[in-house]
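Right, one structure below, let's go through it.
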Amino acid sequence: MVCEVIKIGRECALMGKKGCSFNGGKCYPIVDRCQGCERVTVFPAGEYCIACPDPAAKWSGRDCNLGTHIVKEKAPEATKSVDPLKASKRKAAGR
Ligand code: SF4
């Protein structure tokens with residue numbers, strides 16, 4: 001149903017005939033670590049996440065898995081292993 005509490009006019013699975021079924025009957029505002037995320041949206045009540053109702057819970061203990069601004073460090077690429085025997089044969093053959 002369409003939210004009538006915080007994210008007014010937005011379709012939400014938590015909204016029902018009896019109102020918002022989320023904890024406390026409403027969504028919670030973004031936290032500092034959400035700054036820069038594309039999912040932050042301004043509503044009349046303030047800035048909220050369009051992907052989750054409780055950003056603070058998303059960030060508790062780990063990085064939010066839905067954040068668009070989180071740059072994950074790539075694991076260093078494994079160096080290509082060279083078989084010393086084959087390399088020596090290639091060198092001897094002049095390749
Ligand atoms: S997706 Fe995560 S980081 Fe982005 S606004 Fe929502 S809770 Fe914050």
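Both ligands and their constituent atoms are indexed starting at 1 by order of listing.
The shortest heavy-atom contact between I30 and C49 is CG2-N, 3.7 Å. Contact record, Y48 with C27: CE2-O, 3.7 Å, taken as the closest heavy-atom pair.
Around atom CD of Q35, more than 12 heavy atoms belonging to other residues, nucleotides or ligands sit under 6.0 Å away. Around the CG atom of D32, the shell of radius 6.0 Å holds no more than 12 heavy atoms that belong to other residues, nucleotides or ligands.
Ranking the protein heavy atoms by distance from atom 8 (Fe) of ligand 1 puts C34 SG, 2.3 Å first. Among protein heavy atoms, atom 6 (Fe) of ligand 1 sits closest to C49 SG, 2.2 Å.
With atom 4 (Fe) of ligand 1 as the reference point, the heavy atom nearest to it among A56, C52, C64, C37 is part of C37.
Counting heavy atoms from C-beta on, the side chains of F43 and I50 come closer than 4.5 Å.
Heavy-atom contacts of H69 reach the following atoms of ligand 1: 3 (S) (cutoff under 4.0 Å). Near R39, meaning under 4.0 Å from any of its heavy atoms, are these atoms of ligand 1: 1 (S). Of all the atoms in ligand 1, the ones that sit under 4.0 Å from a non-hydrogen atom of V40 are 5 (S). For ligand 1 and P55, the ligand atoms under 4.0 Å from any heavy atom of the residue are 7 (S).
In this structure, R39 contributes its side chain and L66 its backbone to a donor-acceptor pair below 3.5 Å.
Under a 4.0 angstrom heavy-atom cut-off, R33 registers as lying outside contact with ligand 1.
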